[in-house]
Protein chains: 2
Amino acid sequence: MKDAAWDDLKTVMALVRHGSLAAAGAALRLNYTTVARRIARAEAALGTTLFERLKDGYVPTDAAMLVAAHAGEMEACEHDLMRRLAGRDGTLEGALTITAPQLLIAYVLPTALAQFRALYPKVDLRVRATNDILDLSRREADLGIRISRTPGDTLTGLRLAEQHSASFASPGWAERIAKDPGAPIDWILYETHDDVPKAAREAYPSSRVQYRFDDMIAMAGAAQAGLGVVRMPMFLGRSLPGLMQVPLLPPQPYMDVWMVAHPDVWPGAKVRAFRDVLKADMKTRRALFVA
Amino acid sequence: MKDAAWDDLKTVMALVRHGSLAAAGAALRLNYTTVARRIARAEAALGTTLFERLKDGYVPTDAAMLVAAHAGEMEACEHDLMRRLAGRDGTLEGALTITAPQLLIAYVLPTALAQFRALYPKVDLRVRATNDILDLSRREADLGIRISRTPGDTLTGLRLAEQHSASFASPGWAERIAKDPGAPIDWILYETHDDVPKAAREAYPSSRVQYRFDDMIAMAGAAQAGLGVVRMPMFLGRSLPGLMQVPLLPPQPYMDVWMVAHPDVWPGAKVRAFRDVLKADMKTRRALFVA
DNA sequence: GGTTATACATGCGATAACGCATGCATGAAG
DNA sequence: CTTCATGCATGCGTTATCGCATGTATAACC
């Protein structure tokens, strides 16, 4: 049992995680044949069967699970290293990956991105638009912009803006509500909410839940199409064409906009440069976010 | 900055540790040209200079030290894995590495080794004869036989025998001492000892330190050649031809013989088999070690 | 001043690793 | 029953990696 090649251990871990040669290969950016060969190599090196070859694919043995667990620890060390290298990197060139919710990228960030682009043309800026919370410890992104109450336990953060929310709907709805406040009002709710906001229910008892969505973009689209009223952040309602604020809800505090990064990465030159640009840009448009 | 190949990180670590391409290559069992190429690859992948190419070799930068430190952690994870795999391995074939002091291997272990060989012919038994304390955590050996007071903090151990020591010399010296106990007596001491053992100095005031050695094999050879008297373990004096016990020192307790292994590795089938054979064999010859 | 040893650069041929295409088995869907 | 999708095995040609041989620079030594 010689000391196995580290890349082969990594490959075992990928296969355990992703379940099939093809999926593991995709994750490693390798052809699945190569994955199969590396597994065979690792088994020879360790002198153990790591996977049972069944009709429906490779099934990991206990030994493979053990290898995968330890390779996972090795991977954590690697991520730690990569973060620290990024944090002490003083150059203003190369890749910088930021992540933010689609809606912020679409309606708030473009000016800041353009400024950054002009100031630091050598930085290869990559934007990952997703509502998923990417793992900044694993360096899925260097810097994140998030709508939340706190930056998170392990992350360093900076509050970019306070936010208010309000109720928005299409002009048709606005008109109807103004004419006949007692008429039935259709609401589009976010999945996690049980009912129409309490303040709206009290002031407008005819409120009724018509749809529940799991995605704010879709909700906004539905509101634009006139399907109903949506409670959304001020910036969003104001940015989207075809939506008006309706007086069903008084503006109320919403989760803030934070810029966060792993403390190891935070002091890196590229991250710092982006932070400064975004911070300055956001300062000039705080009014967009509050009532 | 992509995720670098793990084997390249390992190579950076080897170069930092060993100082030159050639030395790192030897440690990795690679040609030094390959080391140079991997370093270049790693630098490209990380986007950082890792080594300054000076007239007298590669000098690591801070970044390389950082990489090396984290690769060291990864290596620790790998060793941990290898130990656990060895510990849960139930097969009685493949490599088993044991380590022991040369003198025990030469004069005590042969019978046990032969028995083990006969019982488990498929096990590829490797013996590392050295007084150096090999790192059993790093799997430099699976099992060690040591002469010490305790098995060590992190290791599991089993006491194979208690030991006594006594004074031995060539027959010429034995005769001389018997004839004229007052005549000068030449001692050969182990480096770490300041003076002749107290009991000998009191009973034979004419004792004088003639040589200080750092190696027991050499001391035994010198005693055989008649250069003087040596305090050594009973088993050794009794085993070596051309040596006799001389009455300068009463037999006294010496460090015991231990069999030790890392707790992860201890339950492995091959280690267990060797333990059983050696334990049984040693039981039959405890008398060899005590007065 | 010439010899030897260490340390690295470079070019070339050999080798091992890889990607791709093809084929087979299985199970789900039409 | 046919079709399609998934998952893997195998063979072949390509590519990247590696080891070896050679050459240069520097320092140490007689």
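Below, chains carry the letters A, B, ... as their sequence lines are ordered, and counting in each starts from 1. Please read all numbers here as calculations on a predicted model, not as lab measurements.
Minimum interatomic distance between B/V123 and B/L92 (heavy atoms only, all atoms of both residues): CG2-O, 3.2 Å. In terms of heavy atoms, A/G72 sits closest to A/R17 at CA-NH2, 4.2 Å.
Distance CG (B/L54) to P (C/dT6): 20 Å, rounded to an integer number of Å. Going from atom CZ of A/R53 over to atom C1' of D/dG7 covers 13 Å, rounded to whole Å. Atom CZ in B/F51 sits about 10 Å away from atom P in C/dC8, given to the nearest Å. Rounding to whole angstrom units, CG of residue B/D56 and P of D/dA28 are separated by 10 Å. Spacing between atom CD1 of A/I39 and atom P of D/dC8 amounts to 11 Å, rounded to whole angstrom units. Separating the CG atom of B/L21 from the C1' atom of D/dC18 is a distance of 15 Å, rounded to the nearest angstrom. Separating the OH atom of A/Y58 from the C1' atom of D/dT6 is a distance of 15 Å, rounded to the nearest angstrom. To the nearest angstrom, P of D/dT6 lies 17 Å from NE2 of A/H18.
Contact annotation: B/N31 does not reach the phosphate of D/dC18 (side-chain N/O to OP1 or OP2, under 4.0 Å). Proximity of B/R41 to the phosphate of D/dT17: a side-chain N or O atom is located under 4.0 Å from OP1 or OP2. The side chain of A/K55 places no N or O atom within less than 4.0 Å of a non-bridging phosphate oxygen (OP1 or OP2) of C/dA25. The side chain of A/T33 contributes no N or O atom lying less than 4.0 Å from OP1 or OP2 of C/dC18.
A cation-pi arrangement is absent between A/R212 and A/W187, since the terminal nitrogen or guanidinium carbon is not both under 6.0 Å from the aromatic centre and inside a 45° cone about the axis.
Checked by distance alone, B/S20 brings no side-chain donor or acceptor within 3.5 Å of a matching partner on the base of C/dC8.
Note on A/R37: a base of the nucleic acid sits closer than 4.0 angstrom, heavy atoms only.
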I would like to know whether B/E78 and B/R138 meet salt bridge (Lys or Arg N to Asp or Glu O under 4.0 Å); could you show each step before the answer? CA-CA 9 Å; B/E78 187 210 355; B/R138 296 191 137 195; over 6 Å; no
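With hydrogens and angles disregarded, no donor-acceptor distance shorter than 3.5 Å links the side chain of A/K122 to the backbone of A/G94.
Projected onto DNA chain D by closest heavy-atom contact, B/Y32 and B/R38 fall at different nucleotides, the more 5' of which corresponds to B/R38.
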